[in-house]
Amino acid sequence: MDKKKVSGPTILCIKLLRYFTLYILYYIMIIFSGFGILYPRKKIKENIIELNNRLIYLQTGKKKFKNILLLLPHCLQYAECPYKVTFHITNCRRCGMCQLKDLIQIAEDYDFDLFIATGGTIARRIVAENKPEFIIAVACERDLFSGIRDAMPLPVYGIPNITPYGPCFNTQVPLKWVNKTLHTFCER
Ligand code: SF4
């Protein structure tokens with residue numbers, strides 16, 4: 001689908017809608033879900049992240065970004081991998097035991113920065129040091145939700161990770177979704 005060009009006032013309205021979604025709608029949903037009892041908070045956060053992504057899509061219009069940053073969770077790395085990739089992704093030997101191999105390849109193909117964050121503080125530091133125009137973040141719903149709020153008004157497109165072995169252990173990334181998102185937002 002071709003994206004349309006968006007005017008300045010429309011962008012402002014969409015940004016305000018994003019604030020409303022993340023800071024007000026979330027709490028309205030919490031109340032109507034019986035404080036997360038009738039409808040789990042995890043699901044509510046998932047819905048809010050999806051809405052945020054749709055709003056970012058509308059907000060950015062035809063615009064594509066050069067300075068994109070892909071933020072990944074540390075639990076994506078194969079648990080028994082002996083190499084420390086948190087600060088130096090180049091330490092990865094691309095053995096294929098985890099998807100870092102594929103993600104590094106994608107980052108090279110599109111020529112953008114790829115970082116692994118071990119938590120919110122590190123993620124904030126990476127963002128402050130690299131000053132990206134656009135972030136694609138992969139994490140669990142909880143970390144995505146807080147990360148998107150922390151980075152406002154910066155556009156952070158959230159992709160929930162896959163947890164076939166339970167949370168925070170050998171997690172996976174929906175690669176097709178990452179590729180599609182890059183195709184939509186990345187200038188190259
Ligand atoms: S691809 Fe292999 S070397 Fe790279 S982080 Fe995963 S397990 Fe470690």
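Hydrogens, waters and symmetry mates play no part in the numbers below; they use all other heavy atoms, side chains included. Positions are given from 1, in the same order as the sequence printed here. Remember, predicted model here, so these are calculated numbers, not experimental data.
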Residue pairs involving residues 162-173 (criterion side chain to side chain donor-acceptor pair (under 3.5 Å); sequence neighbours excluded):
none
Using a 3.5 Å distance criterion without hydrogens, assess whether the side chain of N52 forms a donor-acceptor pair with backbone atoms of V156.
yes
Please check this pair: side chain of N91 against backbone of K84, looking for a donor-acceptor N/O pair closer than 3.5 Å.
yes
Could you see if Y39 belongs to whatever hydrophobic cluster contains I37? Use Ile, Leu, Val, Met, Phe, Trp, Tyr and a side-chain cutoff under 4.5 Å.
no
Donor-acceptor contact below 3.5 Å, side chain Q99 vs main chain V173
yes
Checking side chain to side chain contact (heavy atoms under 4.5 Å, CB included) for the pair V127/L71: CA distance, chi angles, key distance, verdict?
CA-CA 9 Å; V127 172; L71 262 182; 4.3 Å; yes
Is it true that L12 and L55 fall in one hydrophobic cluster, defined by side-chain heavy atoms closer than 4.5 Å?
no
Counting heavy atoms not belonging to F20, are there more than 12 under 6.0 Å from its CZ?
yes
The side chain to side chain donor-acceptor pair (under 3.5 Å) partners of K43 (sequence neighbours excluded) come to E46
Inspect the surroundings of CE in M97 and state if more than 12 heavy atoms from other residues, nucleotides or ligands are less than 6.0 Å away.
no
Kindly check if the number of other-residue, nucleotide or ligand heavy atoms within 6.0 Å of CZ (R54) is above 12?
no
Under 4.5 Å between side-chain heavy atoms, hopping through other hydrophobics if needed: is there a path connecting L51 to M152?
yes
Establish whether Y78 and V85 are linked, either directly or via other cluster members, by ILVMFWY side-chain heavy-atom contacts under 4.5 Å.
no
Cluster check L16, L25: I/L/V/M/F/W/Y, side chain < 4.5 angstrom
no
Indicate yes or no for a side-chain donor-acceptor contact from K131 to the backbone of A128 under 3.5 Å, with no hydrogens or angles considered.
yes
Exam field: side chain K64 to backbone H183, donor-acceptor pair closer than 3.5 Å
yes
What one should report as the nearest heavy-atom pair of G158 and I49 is O-CG2, 3.8 Å
How about Y110 and I68: do any of their side-chain heavy atoms sit closer than 4.5 Å?
no
Compare all side-chain heavy atoms of L38 with those of F32 and state whether any distance is below 4.5 angstrom.
no
Angle between ring planes, W177 versus Y157, binned at 30° and 60°: parallel, tilted or perpendicular?
perpendicular
Other residues, nucleotides and ligands only: do more than 12 of their heavy atoms fall within 6.0 Å of CD on E129?
yes
For P153 and R18, which heavy atoms make the closest approach, and how far apart are they?
O-NH1, 3.5 Å
